[in-house]
Amino acid sequence: MAIFTASLFEFIGEVFIYVLAFVALLVLIALLQLVVSMRVHKFVFPRFQSVLLDLLHPIIRALFDIFRLDPDQLDALDIRLKNIINEEAFAKTPVQDRIIVLPQCLRSIECPAQLSSKDGIQCAECGRCPIDAFKRDAEELGYKLYIVPGGTFVRRIIQDRRPKAVLGAGCFPDLIEGMRASEKAGIIPQGVLLDTLGCVETRVSWDRLYDKLYLGIARRQGP
Ligand code: SF4
């Protein structure tokens with residue numbers, strides 16, 4: 001019995017070491033891919049890279065902390081990766097199956113909109129912030145646009161609307177978490193990072209949002 005127990009512990013120890021070595025190898029591959037991607041400004045095997053980053057995110061983020069690297073850079077790369085690997089599928093999704101989710105912090109501080117418990121903040125199209133024009137253009141194309149006060153709202157809207165694709169804007173943690181959750185739920189994500197952080201009157205590149213808005217849709221020619 002004692003011999004059996006000893007060999008069992010030996011076996012578990014060996015398996016543990018193999019698993020540890022395998023994880024270390026994956027981390028090494030992910031880090032090498034990151035370094036090469038940053039040097040050549042191009043992602044190497046982007047889909048594989050994105051899977052590795054999602055799988056090993058806590059470990060790689062801890063390494064970034066240890067080596068005093070900016071962890072936001074890691075999230076920024078991950079967002080770019082997810083945009084690249086999902087762009088084609090997003091463009092092929094009918095616009096009626098896409099939704100847009102914008103954070104409430106993009107609004108004017110004098111926003112008169114009311115909050116609906118079902119659909120988020122109901123933009124009154126008052127013109128005090130750029131959401132007004134963007135919303136009109138998006139809805140004309142067939143999108144449904146939501147302004148949300150937080151992640152719980154996003155989950156509820158996704159449950160109710162069941163879109164096939166979602167275009168969102170947000171700060172680092174919200175955007176990357178939202179894009180990861182979308183992929184897990186089988187929803188095709190596209191995301192644009194906010195240019196400024198904070199809780200009120202944040203800014204975003206509306207040009208980049210428009211580029212994504214028109215993915216797979218021919219733009220109207222000017223007069
Ligand atoms: S345009 Fe809409 S979101 Fe912007 S401030 Fe006016 S009501 Fe609020």
Side-chain angles (χ1 to χ4, degrees), residues 50 54 75 78-83 85-109 111-206 208-217:
S50 179
D54 285 351
D75 287 343
D78 209 0
I79 289 164
R80 277 175 55 203
L81 263 175
K82 290 192 184 310
N83 277 336
I85 61 181
N86 288 298
E87 188 175 285
E88 196 181 335
F90 186 93
K92 285 181 180 162
T93 306
V95 73
Q96 293 75 12
D97 291 326
R98 307 180 195 177
I99 63 167
I100 299 169
V101 179
L102 298 179
Q104 65 164 346
C105 58
L106 281 173
R107 297 178 299 155
S108 156
I109 203 160
C111 176
Q114 302 289 312
L115 173 68
S116 143
S117 58
K118 189 164 173 281
D119 289 329
I121 289 150
Q122 302 293 288
C123 174
E125 300 181 354
C126 74
R128 288 189 179 98
C129 81
I131 292 177
D132 186 349
F134 186 75
K135 178 176 178 287
R136 287 170 200 262
D137 292 337
E139 287 178 348
E140 204 174 295
L141 291 173
Y143 281 90
K144 182 86 179 120
L145 182 145
Y146 298 91
I147 306 165
V148 293
T152 314
F153 252 95
V154 181
R155 281 190 287 279
R156 191 183 309 161
I157 286 164
I158 282 177
Q159 260 176 4
D160 289 351
R161 287 272 309 180
R162 304 204 171 272
K164 294 199 174 115
V166 58
L167 165 58
C171 55
F172 278 114
D174 288 353
L175 188 59
I176 191 62
E177 277 166 29
M179 291 177 87
R180 280 198 194 113
S182 299
E183 281 184 331
K184 273 192 195 141
I187 299 165
I188 304 152
Q190 285 293 291
V192 177
L193 261 176
L194 296 184
D195 289 337
T196 56
L197 298 179
C199 300
V200 288
E201 294 203 340
T202 52
R203 284 196 293 275
V204 71
S205 164
W206 292 98
R208 291 175 63 203
L209 271 172
Y210 268 103
D211 285 344
K212 295 200 176 296
L213 184 82
Y214 280 99
L215 280 173
I217 303 167

* Asked: Taking everything shown except E88 itself, do over 12 heavy atoms lie less than 6.0 Å from its CD?
  -> no

* Asked: Quick one: does D97's side chain have a donor or acceptor within less than 3.5 Å of a partner on A165's backbone?
  -> no

* Measure the CD-NZ distance between E183 and K82 for me, rounded to the nearest 0.5 Å. => 3.5 Å

* Asked: Quick one: SG on C171 to CG on D75, what's the gap to the nearest 0.5 Å?
  -> 10.0 Å

* To do: Might you confirm whether atom CD1 of I217 has over 12 heavy atoms from other residues, nucleotides or ligands at distances under 6.0 Å?
  => yes

* Asked: What's the spacing between I147 CD1 and S116 OG if we round to 0.5 Å?
  -> 11.5 Å

* Tell me, yes or no, whether the heavy-atom count around R128 atom CZ, taken from other residues, nucleotides or ligands under 6.0 Å, exceeds 12. => yes

* To do: Answer yes when R136 and E140 have at least one side-chain N-carboxylate O distance shorter than 4.0 Å, and no when they do not.
  => no

* **Interatomic spacing from CG in N83 to CD1 in I85 - rounded to 0.5 Å** => 9.5 Å

* To do: Taking the side chain as every heavy atom from C-beta outward, state whether V204 and L102 have any pair of such atoms under 4.5 Å apart.
  => no

* Residue pairs involving residues 188-202 (criterion side-chain hydrogen bond (donor to acceptor under 3.5 Å, both in side chains); sequence neighbours excluded) -> Q190-K212

* **C129 versus S108, closest heavy-atom pair with distance** => CB-N, 3.6 Å

* Closest heavy-atom contact between V148 and I157? -> CG1-CD1, 3.6 Å

* Please name the pair of heavy atoms, one in Y146 and one in R161, separated by the smallest distance, quoted to 0.1 Å. => OH-CD, 2.8 Å

* Asked: Rounded to the nearest 0.5 Å, what separation is found between the CD1 atom of I100 and the NZ atom of K135?
  -> 10.5 Å

* To do: Measure the shortest side-chain to side-chain distance between D119 and D160 over non-hydrogen atoms and say whether it is less than 4.5 angstrom.
  => no

* **Full working for salt bridge (charged side-chain N to carboxylate O under 4.0 Å, His left out) between D78 and R180** => CA-CA 10 Å; D78 209 0; R180 280 198 194 113; 2.9 Å; yes

* Would you give the length of the straight line joining atom CG of L167 to atom CG of L215, rounded to the nearest 0.5 angstrom? => 8.5 Å

* Measure across A113 and A124 and return the closest heavy-atom pair with its distance rounded to 0.1 Å. => CB-N, 4.3 Å

* Quick one: salt bridge (Lys or Arg N to Asp or Glu O under 4.0 Å) partners of D174, sequence neighbours excluded? -> none

* Closest heavy-atom pair and its distance - A91, R98 -> O-NH2, 3.2 Å

* Residues that F134 engages under ring-ring contact (aromatic ring centres under 6.0 Å, His included), provided they are two or more places apart -> W206, Y210

* R156 side chain to S117 backbone, donor-acceptor under 3.5 Å -> yes

* Structure fact -> Between P189 and I187 the two heavy atoms that sit nearest each other are CD-O, 3.2 Å

* Do C105 and L194 have side chains that get closer than 4.5 Å, going by heavy atoms? -> yes

* Asked: Sub-3.5 Å donor-acceptor pair from the side chain of Y143 to the main-chain atoms of L213, do we have one?
  -> yes

